[in-house]
Each structure stands twice: as structure tokens, then as C-alpha cells.
Amino acid sequence: MGMEQYYKNQLDCLCSRVKPADRQSMEAARRHWNGIAKPIDGLGRMEELIIRIAGICRSEEISLDRKAVVVFCADNGVVAEGVTQTGSEVTAVVADNIARGTASVNRMALVAGADVIPVDMGVAGMLTEPGIRSCKIAPGTGNIRREPAMTMEQALEAVHTGIALAGELADAGYHLLAVGEMGIGNTTTASAVSSVLLGCPPEAATGRGAGLSGEGLERKIQVVKDAVRLHNPDPRQPMEVLAALGGFDLAAMTGLLLGGAVYRIPVVLDGMISAAAALLAKALCPAAADYMLPSHLGKEPVCAMAMERLGFSPVIHGRLALGEGTGAVMLFPLLDMAAAVYEENSTFADIQIDAYEDFSRK
């Protein structure tokens, strides 16, 4: 048996293990919220997310003590088509900054009490910092306008890397993960993948990325159109879509989302790239969507469409477009505050007054 078939069999086996989030635990968490001395649904979406976490953990008793954001770094050959303001060399520079602890995501994670785990999935440039984890598949993908991004074996290997990392972090005692990325050109690959999976025109799925001009946006849209037309992947075959049009960062992120479902650990989505990864993960394993938590609504045009397809309603509407997992990390303190109320507040029984009734569920 070749490695490609082995990886496929293993992926099928892992996905078959995934069960939907536990509805009984979610109902118990809802009852607990409703017993706390506050108005019903007083914390709105934050209550829903805590309930979702209870379903993932299969217990109304939750813990968010240990958190980490995993930042997958990789280069994309499509940069050669002039779809970005900067060159691929920036990927290595920022990846080193993340490993050094000086990037935006590091500053924000420090405030949120979260660890940052940078992973080299396919950076083309030289990395100098020892703090980055090397899982390099290749030094960047192919140029999707001219050739497939990667072989099927490479795509499967990258997905399995993300799954394995989720399992490792769950074993290490992490309670909550988030996904991030760093890769010049990855909004182009994510636009192409999203266009196919959502069945929408490339121009509807493609935005300005890191601030393209009007002319640059038109070039980027044409590149996505050409890539989708060249490869014409079947949207019913998500691994085919990923191998033809994706990136190593996107593939590993898809794996981490699947791994969250396999190992029962919630994973917070970031922006556009993670939305594309979530679409892929859900297509591969529909129940995996139960284990994802939305954070913010990015300003790329495809974000709203992807969130709607996934059935998610993001909490933060800040027009964020930084990447690195920063939007996902921004949700961490909100979850901590909601969890503090959920775990520590007085109940109606404690203060000996009648609880509110939940008429919305009658």
C-alpha cells in the first residue's frame, strides 16, 4: 500500500470516530445558565459558546485554564502571479517574529493567557529562530494558476499533521485551541478553495487581502478564475479541491479542526483562511463543525458566506484582517469572562428568589 492510500484510509478511520457534540451536556449547561441569578440569555452569544463547549467536552463542568493558538506558516507559489503587495520572503520574517514572541499574535496571546505555537508547514525562506516547530512538507506550494498546489500525498500528510498536533495538545492538557496562519498569498488560495466549495463566482470570493489596489484586486480575481478553470476540482471531493488549490497552512489548519473533533477539544476559528479550512473539514466530516467556535467576521467578502454555510454567527464584528490567529485570540478573554460567570456566580437558589422562566423554549 502506498503512502497516499495509507493516509486516505487513516483519515477515513479518524473521521468515522467523530460523534456529534453531546446534547445532554449542552442541555445541562443551559439549565445551569438559566439557574444563575441573571436574566435568561443575559450574556447572549457567550452563553451559547459555553454551552457548545460543554457539548464538546461532554460535561457541564468546563475548564478553559490552558489555551493555545497554533499558527501554521507556509508559502504559496501563486505569489509569482503578482497577487500580493509583498514577496514571499515576508513569510519567513513574520514566522521568525512569531517564534521570537514579538508578533501581534504573541502580544495579544500574552494578555489572554494563551501559548503561541508556530509551525513551519512549508516556508520557502530560511527560518532562524529555534522556537518554530518544523513540519515542513515542501518549501512552498506550486503556482495554482499553472499547476496543482500539491500532490494528494502532500495534502493528506499536511492534514494528518494538524490532526496529530491536536491530539498532542489535548494529551498535554490544553482545554481550548485556536488556529492561525502566516503565509503571503494565502488569501488567494483560500479564495479559490472557498469559491469551489461555496459554488460562488471567484469575484464574489476574492477580496483585497493585505490591501491590494483596484488593479491588483482585478489581477487577483483573474488568477483565481484561471486556477479554478484549470483544475476544475469536484466540490464533492474536498481533498481534491485542497490539493489543487490550497496551501500547506490551509491543509494543516483543516487537520487541526478535524483533530479537535477527534480528540474532543474546542477549536476557535480566526478569519478567512480558517473559514476555508472549516469548510474543508466539514465537507470531510460533517460532525466536525460541532467542535468549532466562531470568533470574528473578517472583512474579506467570502467570510460572511462561509459563516452562513457553516451555520455560525461570529461574536466580534471588528473588520479584522490581520491574520496570525489574532481574531481567534481576541475571543479568549470573552470566553474567560463568560466562564467565570458560569462557574462562580450565585444561583437563584443561593439567594432564595424565584428563577426566571425560559419562555423561548416553550
Side-chain angles (χ1 to χ4, degrees), residues 11 14-15 18 20-21 45 48-49 52-53 55-56 69-72 121 155 158-163 165-166 176-181 183 186-187 189-200 205 207 235-239 241-242 245-316 320-321 323-331:
L11 184 58
L14 288 168
C15 288
V18 175
R45 292 297 325 289
E48 294 174 19
L49 291 177
R52 193 178 185 94
I53 290 170
I56 292 169
V69 53
V70 184
V71 185
F72 295 108
M121 291 302 305
V159 169
H160 277 289
T161 298
I163 294 173
L165 187 53
L176 182 65
L177 302 178
V179 286
E181 42 63 39
N186 63 10
T187 61
T189 55
S191 295
V193 167
S194 299
S195 172
V196 173
L197 294 179
L198 293 171
C200 68
R236 297 167 298 181
Q237 300 294 327
M239 287 304 305
V241 178
L242 175 59
L245 300 170
F248 293 133
D249 50 352
L250 180 51
M253 192 178 288
T254 302
L256 193 82
L257 294 174
L258 291 171
V262 171
Y263 298 105
R264 299 179 183 176
I265 181 169
V267 185
V268 180
L269 301 178
D270 188 38
M272 176 196 182
I273 316 302
S274 67
L279 291 171
L280 285 164
K282 185 176 181 180
L284 288 163
C285 178
D290 280 3
Y291 295 80
M292 306 174 198
L293 305 179
S295 60
H296 73 102
L297 183 66
K299 68 179 182 180
E300 286 290 296
V302 78
C303 290
M305 290 185 285
M307 289 295 106
E308 182 178 0
R309 176 68 61 87
L310 291 163
F312 293 159
S313 179
V315 175
I316 300 167
L320 308 178
E324 300 178 13
T326 51
V329 169
M330 198 174 283
L331 185 68

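Side chains included, hydrogens not; waters and symmetry mates left out as well; all remaining heavy atoms used. It should be emphasised that the depicted structure is a prediction, and the values quoted were computed from it without experimental measurement.
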Requested in this report: List the steps, then state whether side-chain contact (heavy atoms from CB on, under 4.5 Å) holds for Leu11 with Met239.
Outcome: CA-CA 11 Å; Leu11 184 58; Met239 287 304 305; 4.3 Å; yes
Query raised in the report: Given the rule in the side-chain contact (heavy atoms from CB on, under 4.5 Å) test, do Leu279 and Leu198 qualify, once you have shown the distances and angles that lead to the verdict?
Result: CA-CA 8 Å; Leu279 291 171; Leu198 293 171; 4.0 Å; yes
Query raised in the report: Please walk me through it: do Val267 and Leu256 pass side-chain contact (heavy atoms from CB on, under 4.5 Å)?
Result: CA-CA 8 Å; Val267 185; Leu256 193 82; 4.2 Å; yes
Report task. Verify side-chain contact (heavy atoms from CB on, under 4.5 Å) between Asn186 and Leu250, making sure each step is shown before the conclusion. Result -> CA-CA 8 Å; Asn186 63 10; Leu250 180 51; over 6 Å; no
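With rounding to the nearest 0.5 Å, the separation of CG in Leu293 from CG in Leu176 is 6.5 Å. Between the CD atom of Gln237 and the CG atom of Leu284 there is a distance of 9.5 Å, given to the nearest 0.5 Å. The line from CD1 of Ile273 to OG of Ser194 is 8.0 Å long, rounded to the nearest 0.5 Å. Note that the OG1 atom of Thr161 and the CE atom of Met121 stand 4.5 Å from one another [nearest 0.5 Å]. Note that CG of Leu297 is 11.0 Å distant from CD1 of Ile316, once rounded to the nearest 0.5 Å.
Here the side chains of Phe72 and Leu165 are in contact, with some heavy-atom distance below 4.5 Å. You'll find the side chain of Met253 stays beyond 4.5 Å of the side chain of Asp270, heavy atoms only. Side-chain contact between Glu324 and Val69: absent, with no pair of heavy atoms (C-beta onward) separated by less than 4.5 Å.
Nearest heavy-atom pair, Ala281 versus Leu257, reported as atom, atom and distance to 0.1 Å: CB-CB, 4.0 Å. Scanning both residues, Ala275 and Ala306, for their nearest heavy atoms gives CB-CB, 3.8 Å. Closest approach of Met307 and Pro294 over heavy atoms only: SD-CB, 4.3 Å. Counting all heavy atoms, side chain and backbone alike, Met292 lies closest to Arg52 at O-NE, 2.8 Å. When all heavy atoms of Ala321 and Lys299 are compared, the closest pair comes out as CB-CE, 3.6 Å.
The closest donor-acceptor contact from the side chain of Ser191 to the backbone of Ala205 lies under 3.5 Å. Judged purely by atom type and a 3.5 angstrom limit, Thr189 has no side-chain atom pairing as donor or acceptor with the backbone of Leu245.
Remark: Ala251 engages Ala158, Val159, Leu242 in a side-chain contact (heavy atoms from CB on, under 4.5 Å) (not counting sequence neighbours). Listed by chain and number, the residues in a side-chain contact (heavy atoms from CB on, under 4.5 Å) with Ser295 are Val268, Ala328, Leu331 (sequence neighbours excluded). Every side chain to side chain donor-acceptor pair (under 3.5 Å) that Thr187 has, sequence neighbours left out, goes to Lys220. The side-chain contact (heavy atoms from CB on, under 4.5 Å) test applied to Cys285 returns Cys15, Val18, Leu258, Ala288, not counting sequence neighbours.
Residues in residues 273-293 take part in these side-chain hydrogen bond (donor to acceptor under 3.5 Å, both in side chains) pairs, two or more places apart or across chains: Arg23-Asp290, Arg58-Tyr291. Residue pairs meeting the salt bridge (Lys or Arg N to Asp or Glu O under 4.0 Å) criterion with at least one member in residues 245-261: none, sequence neighbours excluded.
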